[in-house]
S.K.: 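Sharing a structure here in structure tokens format.
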Amino acid sequence: MLGAIALAGMIMRNSVILVDQIDQDIKAGHMPWQAVVEATVRRFRPIVLTAAAAAILAMIPLAGSTFWGPMAIAIMGGLLVATVLTVYFVPALYAAWFRLQPAPEPRAGAPV
């Protein structure tokens with residue numbers, strides 16, 4: 001139970017940070033679709049590094065423990081899956097929820 005609570009907190013933190021970055025980009029004047037893509041690309045490295053280094057690698061010493069081992073393995077596996085979902089599913093869900101469409105490409109020969 002403690003592992004599930006800890007895992008939920010880590011997942012929510014990454015998702016909230018990503019959505020907040022998207023909102024900040026939109027307020028800064030970016031087109032909404034462009035803001036989703038750029039915020040996701042910009043936040044990819046920090047999300048992956050904090051999940052991998054701070055949480056998954058930190059749980060390796062606990063994984064062999066009889067008492068804390070199952071919790072550590074649950075957190076490691078859950079955070080690995082949740083990180084992938086945060087990077088791919090959260091931006092897609094944001095775009096679908098707000099019905100964002102990519103900006104139309106300019107036609108060849110059309111004045112810009």
Side-chain angles (χ1 to χ4, degrees):
M1 197 66 172
L2 181 64
I5 293 170
L7 182 60
M10 291 180 225
I11 295 167
M12 283 185 252
R13 178 185 49 101
N14 286 339
S15 299
V16 167
I17 289 172
L18 180 58
V19 170
D20 182 55
Q21 185 67 52
I22 294 169
D23 289 339
Q24 287 179 11
D25 286 358
I26 291 172
K27 287 178 185 170
H30 292 88
M31 296 295 293
W33 183 270
Q34 180 185 6
V36 170
V37 172
E38 288 181 7
T40 304
V41 169
R42 198 170 336 125
R43 297 300 309 166
F44 175 78
R45 184 179 294 164
I47 288 171
V48 170
L49 287 177
T50 56
I56 294 173
L57 294 177
M59 292 292 164
I60 290 175
L62 287 176
S65 169
T66 304
F67 187 72
W68 295 107
M71 181 193 74
I73 291 171
I75 288 176
M76 289 167 58
L79 197 57
L80 181 66
V81 170
T83 301
V84 172
L85 289 176
T86 299
V87 172
Y88 290 108
F89 182 70
V90 170
L93 183 63
Y94 187 95
W97 184 265
F98 291 107
R99 297 188 174 134
L100 303 180
Q101 298 291 325
E105 295 291 325
R107 290 179 283 136
V112 179

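What's counted below: heavy atoms across the whole structure, side chains too, no hydrogens, waters or symmetry copies.
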S.K.: Is there a path of hydrophobic side-chain contacts, each under 4.5 Å between heavy atoms of I, L, V, M, F, W or Y residues, that connects Val19 with Met10?
M.R.: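 No, Val19 does not connect to Met10 through the hydrophobic network.
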S.K.: Check the pair Val90 / Leu85 against side-chain contact (heavy atoms from CB on, under 4.5 Å), numbers first and verdict last.
M.R.: CA-CA 7 Å; Val90 170; Leu85 289 176; over 6 Å; no
S.K.: Assigning hydrophobic clusters by single linkage (Ile, Leu, Val, Met, Phe, Trp, Tyr; side-chain heavy-atom cutoff under 4.5 Å), is Ile47 placed with Val36?
M.R.: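 Yes, Ile47 and Val36 fall within the same hydrophobic cluster.
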S.K.: For Ala82, what residues pass the side chain to side chain contact (heavy atoms under 4.5 Å, CB included) criterion, not counting sequence neighbours?
M.R.: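 Residues passing side chain to side chain contact (heavy atoms under 4.5 Å, CB included) with Ala82: Ile11.
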S.K.: For the atom pair CD1 (Ile73) and CE (Met59), what is the distance rounded to the nearest 0.5 Å?
M.R.: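 Output value for this atom pair is 11.5 Å.
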S.K.: Under 4.5 Å between side-chain heavy atoms, counting indirect links through other Ile/Leu/Val/Met/Phe/Trp/Tyr residues: same cluster for Val84 and Met12 or not?
M.R.: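 Result: no, two separate clusters.
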S.K.: Measure the spacing between CD1 of Ile56 and CG of Leu80 and express it to the nearest 0.5 Å.
M.R.: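 The CD1 atom of Ile56 sits 5.0 Å away from the CG atom of Leu80.
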S.K.: Show every ring pair (Phe, Tyr, Trp, His ring centres under 6.0 Å) that has at least one partner inside residues 58-94, sequence neighbours left out.
M.R.: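 Listed once each, the pairs are Tyr94-Phe98.
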S.K.: Answer whether the closest heavy-atom distance between the side chains of Met71 and Ile75 falls below 4.5 Å.
M.R.: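 SC-SC contact between Met71 and Ile75 confirmed.
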S.K.: Would you say Ile22 and Ile17 are hydrophobically clustered, going by side-chain heavy atoms of ILVMFWY under 4.5 Å?
M.R.: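 Different clusters.
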S.K.: Is there any side chain to side chain donor-acceptor pair (under 3.5 Å) pair reaching into residues 41-57, and which pairs are they, with sequence neighbours excluded?
M.R.: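 Sorted result for residues 41-57: Asp25-Arg42.
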S.K.: Quick check: closest heavy atoms across Leu18 and Thr86, and the distance to 0.1 Å?
M.R.: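 Here Leu18 and Thr86 meet closest at CD2-O, 3.5 Å.
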S.K.: Of all the heavy-atom pairs spanning Leu79 and Ala51, show the shortest one and how long it is.
M.R.: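 Result for this residue pair: CD2-O, 3.7 Å.
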S.K.: Which atoms form the tightest heavy-atom contact between Ser65 and Pro70, and what is the distance?
M.R.: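 Ser65 and Pro70 have their closest heavy atoms at O-CD, 4.2 Å.
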S.K.: Give a yes or no on whether Leu49 and Val87 share a hydrophobic cluster (residues Ile, Leu, Val, Met, Phe, Trp, Tyr; joining criterion: side-chain heavy atoms under 4.5 Å apart).
M.R.: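 Leu49 does not cluster with Val87.
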S.K.: Should Gln34 and Val37 count as side-chain neighbours, where that means a heavy-atom distance under 4.5 Å?
M.R.: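 In short, these two side chains do not touch, never coming nearer than 4.5 Å.
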S.K.: Where is the tightest heavy-atom contact between Ala95 and Trp33, given as atom of each residue plus distance?
M.R.: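 Nearest heavy atoms, Ala95 then Trp33: CB-CZ3, 4.0 Å.
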